[in-house]
Engineer: 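Here it is: the structure, laid out below.
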Number of protein chains: 2
Amino acid sequence: MAGQTSADRGREARAKLLAAARELIGELGWGAVSTRVLAERAGVRPGLVHYHFESLQALLRRAVVDQMAEVLGPATAALEAADDPGSAVEAMLAELDRYSGTDPASLLFIEAYLAGTRDPELHDQIAAVLRGFRAAFAEVLRRSGHRDPDGAAALVAAAFDGIVLHKGLDPDLSAARLAPLVRAIAEPNHETKGTRE
Amino acid sequence: MAGQTSADRGREARAKLLAAARELIGELGWGAVSTRVLAERAGVRPGLVHYHFESLQALLRRAVVDQMAEVLGPATAALEAADDPGSAVEAMLAELDRYSGTDPASLLFIEAYLAGTRDPELHDQIAAVLRGFRAAFAEVLRRSGHRDPDGAAALVAAAFDGIVLHKGLDPDLSAARLAPLVRAIAEPNHETKGTRE
DNA sequence: GATCGCCTTGGACGATTGACCAATCGTAGC
DNA sequence: GCTACGATTGGTCAATCGTCCAAGGCGATC
């Protein structure tokens, strides 16, 4: 237990700071996370923040990008393995139900999007992660013969975040209730009946 | 031009503060709107903020609730007048395309939702406005014989906000591209094919 | 045991924050 | 002209902010 070098302890402090940031961004909002509350939550001295990170913004940026990759990475992998788009959607909706819409984990994504509109570097990193997820989803839909795989993937991805957002306002809004409707979007025989010419 | 009493000027200053808040919440984020930048944008002295409003939070709260009612009110009325759900959706999607996802007006709604998760009073006011919109939408769907009007209304409403959110990350994501897919959700003959028993 | 390198500490800096208040303003009614 | 009153001003308050830095701690290496 004792054989940890000072570099090890450094990595641990850094990790604790990032973990604290994941919690606090959702709890307090991106703009309300200060160096001092962050350090307190991490069980670390405030001065360490600017030793391990260039700035507070850089720390928060890193925390959310890590978290998004950690959540969306496995989801993307599972998506690439799935061949039935309907069940893939259902599995993701079930996953979505773990987020209440008010807990920090739910709000972290939304906060990240918002912060991304004001931080070009963060914007690019988030967009890249999201692009990967949508591309994998679209590929599943394409394989199943969907008429508009890219559009459907974009809509479902947007709907996911919208559902999380609205769940915070309406607790009755369970993902299970919406599952059949969302799945219909992904159905291969989905018809766009309003086509005009 | 001159015949304005001091009470009139008071109302004007109050209105200018609220208008400035609408701009700044989207530009800077809820937590970054300070009394001083707010007053400067409104062309008013900082001291006035706490004369016209109980607190900064109360001002911001009032600003977003007013804005939401102003946007969703007419939309709800138009919805109640419409009888064809497909065209109603399309009209709203066209309206949605006016929001780029990065302009202050787009972000105001998202910021409001987020702030609502941390401010119970704001939460209730937003939820009430949103409930009205969804109820009107669901009623249109019900009249056209939709299988799950409440679910579809909830999904479309959530998808709208999700689309705005994602448009900030992917400018190519136009509402027009998604229109056929969203409209399909609202189609009266919409089938939930996956029903199991 | 001395040296090296990374990590950690505690405090400091100037700037900004929300809130508050006594004094003063301008105008409408008497 | 005087009073009354809502609106406005300019300034102050303690608290908090992000950032930086000199000093010290501490294990690994020689």
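The chains referred to below are lettered A, B, ... by the order of the sequence lines, with proteins before strands, and numbering in each begins at 1.
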Engineer: Expressed in angstrom and rounded to an integer, what is the separation of B/Glu40 atom CD from C/dT17 atom P?
Structural biologist: 11 Å
Engineer: Where the side chain of B/His123 meets the backbone of A/Gly168, is there a donor-acceptor pair that is under 3.5 Å apart?
Structural biologist: yes
Engineer: Rounded to the nearest angstrom, tell me the gap between atom CG in A/Leu48 and atom C1' in D/dG18.
Structural biologist: 15 Å
Engineer: I'd like to check B/Thr117 versus B/Tyr113 (side-chain heavy atoms, cut-off strictly below 4.5 Å). Are they in contact?
Structural biologist: no
Engineer: For the helix from C/dG1-D/dC30 to C/dC30-D/dG1, what angle lies between the axis at the first five pairs and the axis at the last five pairs, to 10 degrees?
Structural biologist: 0°
Engineer: Please check this pair: side chain of A/Arg118 against backbone of B/Glu27, looking for a donor-acceptor N/O pair closer than 3.5 Å.
Structural biologist: yes
Engineer: Does B/His166 reach the main-chain N or O of A/Leu155 with its side chain, forming a donor-acceptor pair under 3.5 Å?
Structural biologist: no
Engineer: Hey, is A/Asp97 close enough to A/Lys167 for a salt bridge, meaning N to O under 4.0 Å?
Structural biologist: yes
Engineer: Which value, rounded to the nearest 0.5 Å, describes the distance between B/Tyr99 atom OH and B/Asp161 atom CG?
Structural biologist: 11.0 Å
Engineer: Name every residue in residues 110-122 of chain B that has at least one heavy atom under 4.0 Å from any atom of DNA chain D, in order of residue number, or write none if there are no such residues.
Structural biologist: none
Engineer: Has A/Arg14 got more than 12 heavy atoms of other residues, nucleotides or ligands less than 6.0 Å from its CZ?
Structural biologist: yes
Engineer: Within the structure provided, determine whether A/Arg134 and B/Asp170 are in side-chain contact (heavy-atom separation under 4.5 Å).
Structural biologist: yes
Engineer: Provide, to the nearest angstrom, the distance between the CZ atom belonging to B/Arg45 and the P atom belonging to C/dC25.
Structural biologist: 15 Å
Engineer: Would you say D/dT19 has OP1 or OP2 under 4.0 Å from some side-chain N or O of A/His50?
Structural biologist: yes
Engineer: Does A/His52 have a side-chain nitrogen or oxygen under 4.0 Å from the phosphate oxygens OP1 or OP2 of C/dC6?
Structural biologist: no
Engineer: Report the distance from atom OG1 of A/Thr76 to atom CZ of A/Phe137, rounding to the nearest 0.5 Å.
Structural biologist: 11.0 Å
Engineer: Between P on C/dA19 and CD on B/Glu54, what's the gap in Å once rounded to a whole number?
Structural biologist: 9 Å
Engineer: How long is the line joining CD of B/Gln57 and C1' of C/dT17, in whole Å?
Structural biologist: 13 Å
Engineer: Atom CZ of A/Arg11 to atom C1' of C/dC7: distance rounded to whole Å?
Structural biologist: 12 Å
Engineer: Report, one pair per line, the protein and nucleotides 11-17 of chain D atoms (nitrogen or oxygen only) whose separation is under 3.5 Å.
Structural biologist:
unit_1: D/dC17; atom_1: OP1; unit_2: A/Ser34; atom_2: OG; d: 3.0

Engineer: Are the side chains of A/Val156 and A/Leu141 in touch, meaning some heavy atoms are under 4.5 Å apart?
Structural biologist: no
Engineer: Within the 4.5 Å heavy-atom criterion, are B/Phe160 and B/Leu93 side-chain neighbours or not?
Structural biologist: yes
Engineer: Taking OP1 and OP2 of D/dT8, is either one under 4.0 Å from a side-chain nitrogen or oxygen of B/Tyr51?
Structural biologist: no
Engineer: Taking atom P of C/dT17 as reference, at what distance in whole Å does atom CG of B/Leu24 sit?
Structural biologist: 12 Å
Engineer: Please give, in whole Å, the distance from C/dT16 P to B/Leu38 CG?
Structural biologist: 17 Å
